[in-house]
Amino acid sequence: MPPYSKILRRSFCVAGQKIINMKLYKYTLDDFSGGFSAQMNSDSMDNGYTPNSYNVEALGGTLKTMNGYSKYITTAIIDNETQYYPVRFPVYYAQASQGASQQDTLLVVASTGLKRGLFIYKSQSWQKLQGNITEADMDSINCVSKGKNQLFICNAAEGIYTYDTTSGLGMLEDAPGFAAMALHYERIWGINSANKLNTVYYSAESDYSNWKTTSENADAGKLEVTTFDGDGFVGIANVFDDILLYRRKTLFRITGTSPENYQMKQIPASCGAVGPDAIANNGRYSFYIGNDGIYSYDGIRASIIENNRLRFLFENRINRNKLAISCAVIFDNKLYAAVPADGSAHNNLIIEYDIDSRVFNIRSGMNVSKFVVFNNQLLFSGNDGFIYTFDNSIKYNGANITAHYETPYCDFQNKNMLKTLDSVCFTAKGTGSVKISAETERGTVSKTVTLKRSSDFDIYHIPLYNAGRRFKFCFDNVNGSQFEIIRPEFILEKDDED
């Protein structure tokens, strides 16, 4: 029920015959607490949600434009006059705890489409650590090996590279090629989607070069799952102290601490992960992108989050033919999920999910191929080959941000009664102007308001006239302006006869 109150009653005669009572109501828009919803159409949506918004954050009682991003490194990766495009971000952690440290090192796996290379940005330029790496799936983990922290980078066709700041780049002896891997109780676990779709391998304990599974008293081994649906493993992770295996249709969990008690069990889930980068874990939360929505794993089962509030977004806008390229990450207690939408072959829409408030917001107008958290910053690679960082800027890499928010339709508890909008009152701050629109079945009227101050809130009361039986209100920035709005009030008249 929309919050409104009658604030004035006016009566007058028409042609000396009939008394018309004009009731003036103040309608207070909800506190922007619901965020984006694609669970139902805008006629039946609850107040406080938005059926269409982008580049605005509806959270904590306010509506404000999102911050932008800029280049983290201003130069592209060029080697022998050929540009490479980042596809993976292995991070070497100087501390075993993997906490952020100034000694941490960001490595970049980049591809030409025909071959890959491993690069590091040092002394204001890109330096190649390894060239001519086979174009195949890759992944990375950090672990303590031979008494020192090391970064392991697997390649499905070649094996496992090693890196630390003292020894540089090397190869792990006798290690098989993996598409993805995880560390669990001093063993490396790996999958290779190229040829063994249903097999997961594990190394000997604390001996990452020992993968012998046939020798007497072998400590390394493998587990297999038999299915007949053509599915296979696409991802692996250590989640809540178990090995979690992701498939496109379902998930499996491996429990136990040694080969003697390993058990593989299928996890109750209606859908698996669409691809290897569509997985996000941080030790406290576990999410993945499925074919029909975003799922959360709680250690027992995987369920679609928030009662499938993104249902129509995935049904009507997401390009499912390209959904395997989607990527996700958890940063600052938010889930960021980049997906291809509206026919795009690239991840051009970002779903931001605030885990504490359980609110969705949408970013558009950008392209993301891979996320990484490095030195307490959220970085991503674009399809142009550059690496970017979310920051406090007000532009998307120098371009104006286009921000939009709209309410569901509201009939003010009377579908047949004609209502007349009189004015709008709101509290706001920002730079530039904000456009406020009122849409009815008769048309749309708009008013552009120039904001006075960027640091302090001011109250604005503007005339805005329109008539209809149901209203939808929209808020847009103008030429990349920034705004923050709190609980706008709409003054309306309702005709009533005595």
Side-chain angles (χ1 to χ4, degrees), residues 87-88 109 111 113 116 133-141 152-161 172 174-184 187-204 208 210-214 218 220-239 242-256 259 262-281 286-292 295 297 301-302 320-328 340 370:
V87 293
R88 283 286 180 274
V109 176
S111 171
R116 294 189 174 191
I133 298 175
T134 303
E135 185 67 39
D137 292 333
M138 300 179 69
D139 196 10
S140 63
I141 58 173
F152 286 1
I153 307 169
C154 64
N155 178 282
E158 297 184 9
I160 298 178
Y161 292 89
L172 188 64
D174 300 322
F178 290 131
M181 57 185 179
L183 183 67
H184 182 258
R187 298 177 190 267
I188 293 178
W189 292 71
I191 59 171
N192 192 331
S193 57
N195 47 35
K196 296 291 186 180
L197 298 179
N198 299 303
T199 305
V200 56
Y201 300 85
Y202 57 88
S203 71
Y208 307 132
N210 184 351
W211 296 87
K212 297 177 182 179
T213 62
T214 57
K222 63 182 179 180
L223 297 173
E224 294 181 329
V225 57
T226 301
T227 61
F228 303 95
D229 57 3
D231 202 2
F233 297 132
V234 298
I236 184 172
N238 185 334
V239 182
D242 290 330
I243 285 292
L244 198 63
L245 294 160
Y246 298 84
R247 297 160 70 89
R248 290 182 175 86
K249 298 178 181 178
T250 187
L251 290 80
F252 284 84
R253 176 171 60 121
I254 298 175
T255 60
Y262 286 147
Q263 289 186 320
M264 183 184 293
K265 301 177 181 179
Q266 185 171 343
I267 295 171
S270 61
C271 183
V274 295
D277 295 328
I279 299 163
N281 301 292
S286 177
F287 298 97
Y288 65 89
I289 303 170
N291 195 51
D292 58 350
Y295 285 75
Y297 171 65
R301 62 181 56 85
R320 297 194 184 188
N321 292 329
K322 293 292 184 179
L323 194 53
I325 68 169
S326 62
C327 57
K370 179 67 177 175

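Quantities reported herein were computed from a predicted structural model and do not represent experimental measurements.
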### Message
For a quick test of reading the model, state the closest non-hydrogen atom pair linking V274 to G290 and the distance between them.
### Response
CG1-C, 3.4 Å
### Task
Using a 4.5 Å cut-off on heavy atoms from C-beta on, say whether the side chain of I254 contacts that of W189.
yes
### Atom of P176, atom of I160 and distance for their closest heavy-atom approach
O-CG1, 3.9 Å
### Query
Would Y297 and N281 satisfy side chain to side chain contact (heavy atoms under 4.5 Å, CB included), going step by step from the backbone distance to the final call?
CA-CA 10 Å; Y297 171 65; N281 301 292; over 6 Å; no
### Residues forming a side-chain contact (heavy atoms from CB on, under 4.5 Å) with T199, sequence neighbours excluded
K196, Y201, K222, E224
### Query
Heavy-atom distance under 4.5 Å between the side chains of F233 and V225, does that happen here?
yes
### Heavy-atom pair with the smallest gap, counting every atom of S203 and Y208
OG-CD2, 3.7 Å
### Task
Report the relative orientation of the aromatic rings in Y288 and Y246; use parallel for angles under 30°, tilted for 30 to 60°, perpendicular for over 60°.
perpendicular
### From D292 atom CG to S270 atom OG, the distance as rounded to the nearest 0.5 Å
5.5 Å
### Message
Quick check for you: to the nearest 0.5 Å, what is the distance between L172 atom CG and Y161 atom OH?
### Response
12.5 Å
### Task
Identify whether the distance between the nearest side-chain nitrogen and carboxylate oxygen of R88 and D137 falls below 4.0 Å.
no
### Summary
Value for CD1 (I279) from CG (L251), rounded to nearest 0.5 Å, stands at 8.0 Å
### Query
Are D242 and R253 within salt-bridge range, i.e. N to O under 4.0 Å?
yes
### Message
Less than 4.5 Å apart, side chain to side chain, heavy atoms only: is that true for L245 and R247?
### Response
no
## Note on the structure
Heavy-atom closest pair (E135 atom, S111 atom, distance to 0.1 Å) is OE1-OG, 2.7 Å
### Query
Above 12 or not: heavy atoms from other molecules or residues under 6.0 Å from NZ of K249?
yes
### Message
Which residues pass the salt bridge (charged side-chain N to carboxylate O under 4.0 Å, His left out) test with R248, not counting sequence neighbours?
### Response
none
### Task
Starting at CD1 of I133, measure out to CG of N155 and round the result to the nearest 0.5 Å.
7.0 Å
### Query
How long is the span from the OH atom in Y295 to the CD1 atom in I289, to the nearest 0.5 Å?
12.5 Å
### Nearest heavy atoms of P340 and K322, plus distance in Å
CG-O, 3.6 Å
### Query
Out of curiosity, D231 CG to L197 CG, how far, rounded to the nearest 0.5 Å?
8.5 Å
#### Entry: Where G177 and N192 come nearest, the two heavy atoms and their spacing
O-ND2, 2.9 Å
### Side-chain heavy atoms of N291 within contact of R320, under 4.5 Å
yes
#### Entry: Audit row: I153, M138, side chain to side chain contact (heavy atoms under 4.5 Å, CB included) steps and yes/no
CA-CA 7 Å; I153 307 169; M138 300 179 69; 3.7 Å; yes
### Query
So, do L183 and N238 sit near enough that their side-chain heavy atoms are less than 4.5 Å apart?
no
